[in-house]
Each structure stands twice: as C-alpha cells, then as structure tokens.
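Source: prediction; values computed, not measured. We name chains A, B, ... by the order of the sequence lines, and we start the count at 1 in each one.
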Amino acid sequence: MRLTRYFLPVLKETPAEAQIVSHRLMLRAGMIRQSSAGIYSWLPLGYKVLRRIEQIVHEEQERMGAVPLLMPTIQPADLWRESGRYDAYGPEMLRIRDRHERDMLYGPTNEEQITEIVRASVGSYRDLPKLLYHIQWKFRDEVRPRFGVMRGREFLMKDAYSFDVDRETALQSYRKFLVAYLRTFERMGLKAVPMRAESGPIGGDYAHEFLVLAETGESGVFVEKRMADLSLGDRAVNFDDPAEVQAIFDDWTSGYARTDDTHDQAVFEAEVAAGERVEARGIEVGHIFYFGTKYSEPMQALVTGPDGERAPIHSGSYGIGVSRLAGALIEASHDDKGIIWPESVTPFQAGLVNLKQGDAATDAACEDIYGKLAAAGLETLYDDRSERAGAKFATMELIGLPWRITVGPRGLKQGVVELTSRRSGESVELAPEDAIARLAEIYRGL
RNA sequence: CGGGCCGUAGCGCAGUCUGGUAGCGCGUCCGUCUGGGGGACGGAAGGUCGUGGGUUCGAGUCCCGCCGGCCCGACCA
C-alpha cells in the first residue's frame with residue numbers, strides 16, 4: 001500500500017481524553033476514532049490489526065475442532081425471558097423495540113440464541129458433542145466505558161459454546177478450550193495466564209480467566225512465578241486425545257494463579273514460597289465457563305441418552321475479547337516512540353521508507369523493492385510522501401511496523417538499503433534482494 | 001450508581017476569577033529554499049467559544065437548565 005493512497009490520519013499530539021498508552025497510541029496512529037462513549041470506528045490501520053487478530057482466533061478455534069457460524073446482534077427478548085435473564089441482566093442490556101412493538105435487544109452475549117439453535121436440531125446423544133463459535137459485535141451498556149477499546153460498550157468478541165451429554169465430557173470440552181486459548185495468545189506474542197475465576201452473572205461452577213500481565217491492567221493478579229513463565233512453544237497438540245489435553249491442562253492449572261476476585265492471601269503464602277510470589281496487574285482477554293445445565297434446563301434443550309431418557313445438555317461458554325486484544329497487545333508491546341507490533345498481528349509486514357521522494361534513482365529502487373516484497377507475499381506500507389526523513393521515521397515508529405526498509409541515495413551508491421528492527425532499533429545494511437530475502441525468512445510460517 | 005473535572009479552529013491549549021474588537025503552538029493550503037530523525041522563510045484559510053434560556057448598553061467570561069466527554073471508586077470480554 002502506498003501511503004499517499006492510504007488513509008492514515010496520525011496525530012502528533014495526544015488527544016486529551018486518552019489516558020492509557022494503548023488508547024493514546026491507537027488514536028495517534030490513526031487506528032480508531034471515537035464515535036460516542038465506548039463506541040469506536042476502526043480506521044484502516046486498526047481494522048487491519050483487528051482482522052489479523054480475528055484470523056488467528058479463527059485458525060485456532062478450527063484447529064481445536066470448534067465450528068464457525070454467525071448469529072445476529074439483535075435478538076428477541078422472548079428468548080431471554082425463557083432463561084430468566086431478560087429481567088436479571090439489568091441496564092447493561094440495550095433494549096430496543098421494533099415497529100411492531102416487539103421487545104428486542106442488542107446481544108451482550110449469545111447463550112440463549114445458540115441454545116435455541118441447538119435444541120431445535122439436536123435430539124440424540126449421538127449428535128454430541130458440538131463445539132460452535134462465532135465472532136460478532138456485542139453491546140453492553142457499561143456504566144463507565146473507558147480506556148478506548150479496552151473497555152468499550154460495543155466490542156468484538158469471539159464466543160464459543162460447547163454441548164455435551166454429561167459433566168465429564170463437558171469438562172473435556174472445557175479443557176480443550178483452555179489449551180486452544182494458550183496457543184491463541186502465544187501466537188499473538190502475548191503471555192496470557194489462565195487464572196481461577198468467579199463465574200459471574202453468566203453462571204456456572206467452573207471458570208478460568210486469561211490475563212495478560214500489564215501495568216495498566218484492571219485486575220490485580222497473584223501468580224506463582226513458574227506459572228507466568230510456562231510456554232507451549234511449538235508443541236503440536238492433538239485435540240482429539242483427551243489424555244494429552246488433560247496433561248497440558250493440568251500443567252497450566254497446577255500452580256497458584258488468581259485475580260483479586262478469588263485471591264486468598266493465606267493460601268498464596270502457604271502454597272507459594274516467598275521468592276516465587278508475583279503480584280502484578282493484568283488485562284482480561286479471555287474467559288471460559290462450564291455452566292452445566294443452566295440454560296439447557298429452563299430452555300428445555302434436551303437429548304435422549306443411550307438409556308432412552310431425555311436429559312438436559314451440559315454446556316460451557318468461552319470468550320475472547322477480540323477488540324480488547326488490539327489494545328492489550330499495545331499495552332504489552334510499545335515504547336516511547338509508539339507501538340511495536342509482533343510479526344503475527346502487524347498490519348503490514350514491512351514499511352518502506354523513501355528518503356528522497358522525487359529522486360529518479362531512489363524512486364525506481366523503491367518501486368522495485370515494493371514490487372518484489374509483494375511478490376514474496378509480504379504486505380508493505382510504502383511511505384511515498386514528499387516528507388523529510390525524520391517525519392517518515394517518526395510515522396513508521398508510531399504505527400509500529402516491526403521491520404522497515406530504508407532507501408536513500410547515499411546507500412544506493414553503495415548498492416545497499418537499510419533493514420531496521422522496530423523492536424531492537426538495530427539496522428543492518430544489505431543489498432535490496434538480501435533484505436527482501438531476510439524478511440521473507442522472518443515471516444515464513446506466520 | 002456515588003465523588004471530582006472538562007467542553008474555545010483539525011489536535012494541544014490560553015483567555016473565564018475582575019464582562020468591552022477571540023488568541024498562541026502544532027497541523028492544513030500556496031510559494032521559495034531545503035532534503036539520512038517531526039527543517040527554514042514568506043503568505044493564506046480555518047471559530048454559531050457544546051447547547052437553550054436569563055442578567056446586562058454589551059456575555060467565551062456572570063446565573064439557571066440541558067447535552068456531551070474524561071478521571072477516581074463499586075461492576076464487566
């Protein structure tokens with residue numbers, strides 16, 4: 001993409017309303033603009049990041065065996081009356097009336113909707129298990145939206161739902177999701193720790209939250225050091241092998257890891273040695289629940305078992321805050337110049353800086369490199385503006401592309417361009433072909 | 001929902017206490033010079049001062065209502 005054709009309204013100064021770093025940087029880098037409190041437009045750069053995050057979530061959900069579908073944002077109130085939540089949910093639910101005076105609502109979540117779909121078409125235990133998910137906009141009319149997309153009223157969420165015959169198989173599904181989440185967050189370059197959680201208003205008796213450790217996190221977290229250091233790495237997981245999933249699950253839930261909701265200082269001190277106790281802040285990016293028959297019972301989602309008896313389905317729900325992740329990634333990876341995207345979610349794989357726009361040789365070299373990067377499958381943001389070097393560097397650093405190729409007349413005379421890492425700031429001088437090859441290597445497999 | 005703060009040019013702000021021709025920086029536009037870290041000079045555009053009412057000869061400034069936004073706390077992906 002040529003910057004002169006793109007839409008990248010960057011800000012030199014920080015808008016007054018933005019308090020935390022991710023919000024400031026998302027505004028300054030031209031990723032988002034506020035529409036009203038807690039509601040944002042995603043500008044091209046932000047939208048690109050959102051889609052990359054979504055893509056990783058999709059891939060990992062499908063890898064674990066969950067099946068994508070898409071449910072509506074607007075739901076009928078009657079569905080929620082069946083579960084009893086229409087009255088229970090309170091003013092956080094945005095209630096709407098259509099022209100026929102029917103009560104509708106903008107979905108804050110989709111348990112009722114998916115339960116309705118499943119009960120209508122599933123009748124036998126042979127039809128189970130089923131793991132279904134979608135990525136859809138939600139609306140929760142928070143009393144106090146804040147921190148940009150980290151805590152918006154409208155937000156994009158991946159929510160998955162599991163349907164099993166009994167508690168034991170439902171917990172197998174639950175463990176699969178926990179393991180899939182580990183993979184998902186690691187792929188984004190995030191360290192997200194599963195922590196025992198309260199189940200909250202969605203209900204249920206088994207729940208974990210995934211917290212990204214960051215100073216600006218909204219929750220206090222208390223973890224055993226080794227839990228925060230665990231990593232799946234390149235380990236392939238066979239999700240169809242319950243024993244393997246169980247083993248990983250056990251590893252990751254073996255130590256003390258809780259948020260301030262469930263933290264118990266006495267237990268923490270009894271179970272964890274003094275030097276191993278980590279007290280930090282965290283951003284909640286995922287939440288998984290097993291809630292049994294909480295919805296299937298009142299909504300009569302039943303299956304006939306091998307014994308011929310009809311019994312309610314056992315379920316869980318599994319959320320990932322997709323739009324929140326865009327903010328969380330920035331909280332976890334930035335410096336005083338701007339964002340530093342991990343390669344896996346960067347909006348462009350490379351930035352190309354032309355130091356002397358209008359100089360025939362430099363322009364030609366940039367065009368050539370730009371074309372070859374595209375041919376190598378790398379999406380590049382080419383800064384072809386007639387700006388001075390400083391301005392171009394500042395923009396690239398602000399928007400956080402992990403790799404930059406700098407092309408100027410001085411280097412070209414020596415037959416080299418500069419390849420710079422955003423993260424380390426280090427540059428190497430290489431022949432253009434070598435720089436392209438180096439980048440292709442870095443992105444191989446991502 | 002309790003407590004606090006703020007709405008003045010695209011962005012950041014001053015002016016409000018003490019009423020009297022609406023300003024500064026950045027950005028934007030035009031021109032010239034420049035060209036490896038947000039460059040220099042010259043010129044220009046851009047404002048119903050959130051909104052409605054009131055007081056006054058006169059309101060950005062004082063009074064009242066409303067709308068919007070931000071922060072702290074209690075709640076949530």
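For the segment residues 32-61 of chain A, residues with any heavy atom less than 4.0 angstrom from an atom of RNA chain B are, sorted by number, A:Gln34, A:Ser36, A:Ala37. Annotation: proximity of residues 11-22 of chain A to RNA chain B (heavy atom, distance under 4.0 Å) is found for A:Lys12, A:Glu13, A:Thr14, A:Pro15, A:Ala16, A:Glu17, A:Gln19, numbered in ascending order.
Across all strands shown, A:Val285 has heavy atoms under 4.0 Å from sugar-phosphate atoms exclusively, and none from any base. A:Glu397 comes within 4.0 angstrom of a base, heavy atoms only. Among the atoms of the strands shown, base atoms are found under 4.0 Å from some heavy atom of A:Gly152. When heavy atoms are screened at a 4.0 angstrom cut-off, A:Gly408 is found touching base atoms of the nucleic acid. As judged by a 4.0 angstrom heavy-atom cut-off over every strand, A:Arg404 is placed among the base-contacting residues. In this structure, A:Gly358 reaches neither bases nor backbone, as no heavy-atom distance under 4.0 Å exists between it and the strands shown. At the heavy-atom level, A:Arg153 lies nowhere under 4.0 Å from the strands shown.
Side-chain N/O atoms of A:Tyr295 and A:Arg85 include a donor and acceptor closer than 3.5 Å.
Look at CZ on A:Arg385: it is 12 Å from P on B:rG39, rounded to the nearest Å. Put simply, CD on A:Glu142 is 14 Å from P on B:rA74, counting in whole angstrom units. Distance A:Glu209 CD to B:rC75 P: 13 Å, rounded to the nearest Å. Between A:Lys392 atom NZ and B:rG37 atom C1' there is a gap of 13 Å when expressed in whole angstrom units. Distance CZ (A:Phe289) to P (B:rC76): 9 Å, rounded to an integer number of Å. Rounded to whole Å, atom P of B:rC76 lies 14 Å from atom CE of A:Met157. Rounded to a whole Å, the CD atom of A:Glu429 is 15 Å from the P atom of B:rG36. Computed from coordinates, the A:Arg388 CZ to B:rG35 C1' distance equals 5 Å when rounded to whole Å.
B:rG25 and B:rU61: their C1' atoms are spaced 23 Å apart (whole Å). Comparing B:rC1 with B:rA74, their C1' atoms are spaced 8 Å from each other, to the whole Å. B:rG15 sits 16 Å from B:rG23 when the P atoms are compared, rounded to a whole Å. Between B:rG69 and B:rA44, the two P atoms lie 39 Å apart (nearest whole Å). Taking atom C1' in both B:rU8 and B:rG50, the straight-line distance is 10 Å, to the nearest Å. B:rC57 and B:rA14: their P atoms are spaced 32 Å apart (whole Å). Here, B:rC26 and B:rU32 have their C1' atoms 22 Å apart, quoted to the whole Å. Taking atom P on both nucleotides, B:rG60 is separated from B:rA9 by 14 Å, rounded to a whole Å.
Among A:Thr346, A:Asp335, A:Leu401, A:Ile330, the single residue meeting the side-chain contact (heavy atoms from CB on, under 4.5 Å) criterion with A:Ile340 is A:Asp335. Checking each of A:Val407, A:Thr406, A:Thr362 against A:Leu355 for a side-chain contact (heavy atoms from CB on, under 4.5 Å) leaves exactly one that passes, namely A:Thr406. When A:Gln136, A:His134, A:His287 are each tested for a side chain to side chain donor-acceptor pair (under 3.5 Å) with A:Asp159, only one passes: A:His134.
Ring centroids of A:Tyr290 and A:Tyr174 are separated by 6.0 Å or more, keeping the two rings apart.
For A:Arg151, whose side chain is taken as the heavy atoms from C-beta onward, the closest listed nucleotide among B:rG37, B:rC76, B:rA77 is B:rC76. Ranking B:rG36, B:rA77, B:rG37 by closeness to the A:Phe393 side chain, first place goes to B:rG37. For A:Lys356, the side-chain atoms get nearest to B:rG35 when compared with the rest of B:rG35, B:rC75, B:rG36.
With the nearest nucleotide of RNA chain B identified for both A:Leu412 and A:Arg144, A:Leu412 has the one nearer the 5' end. Of the two residues near RNA chain B, A:Phe147 and A:Ala391, the one whose nearest nucleotide lies more 5' is A:Ala391.
When both distances must be under 3.5 Å, the Watson-Crick or G-U wobble mate of B:rG37 does not exist. For B:rA44, the paired base is B:rU28 (Watson-Crick or G-U wobble, both distances below 3.5 Å). Of the nucleotides present, B:rC13 is the one that pairs with B:rG23 by Watson-Crick or G-U wobble criteria, both distances under 3.5 Å. In this structure, B:rC62 forms a base pair with B:rG54, meeting either the Watson-Crick or the G-U wobble geometry with both donor-acceptor distances under 3.5 Å. In this entry B:rG2 has B:rC72 as its Watson-Crick or G-U wobble partner, both defining distances falling under 3.5 Å.
Taking a cutoff of 4.0 Å between a charged side-chain nitrogen and a carboxylate oxygen, A:Glu343 and A:Arg422 do not qualify as a salt bridge. A:Glu441 and A:Arg438 are not joined by a salt bridge, as no carboxylate oxygen comes within less than 4.0 angstrom of a charged side-chain nitrogen. Salt-bridge annotation for A:Glu331 and A:Arg281: absent, with no side-chain N of the basic residue lying under 4.0 Å from a carboxylate O of the acidic one. For the pair A:Glu111 and A:Lys294, the salt-bridge criterion is not met [side-chain N within less than 4.0 Å of a carboxylate O]. Between A:Asp229 and A:Arg226 there is no salt bridge, since no side-chain N of the basic residue sits under 4.0 Å from a carboxylate O of the acidic one. A:Lys158 has no carboxylate O lying under 4.0 Å from a charged side-chain N of A:Glu60, or vice versa, which leaves the two without a salt bridge.
The heavy-atom pair separating A:Ala160 from A:Phe177 by the smallest distance is CB-CE2, 3.4 Å.
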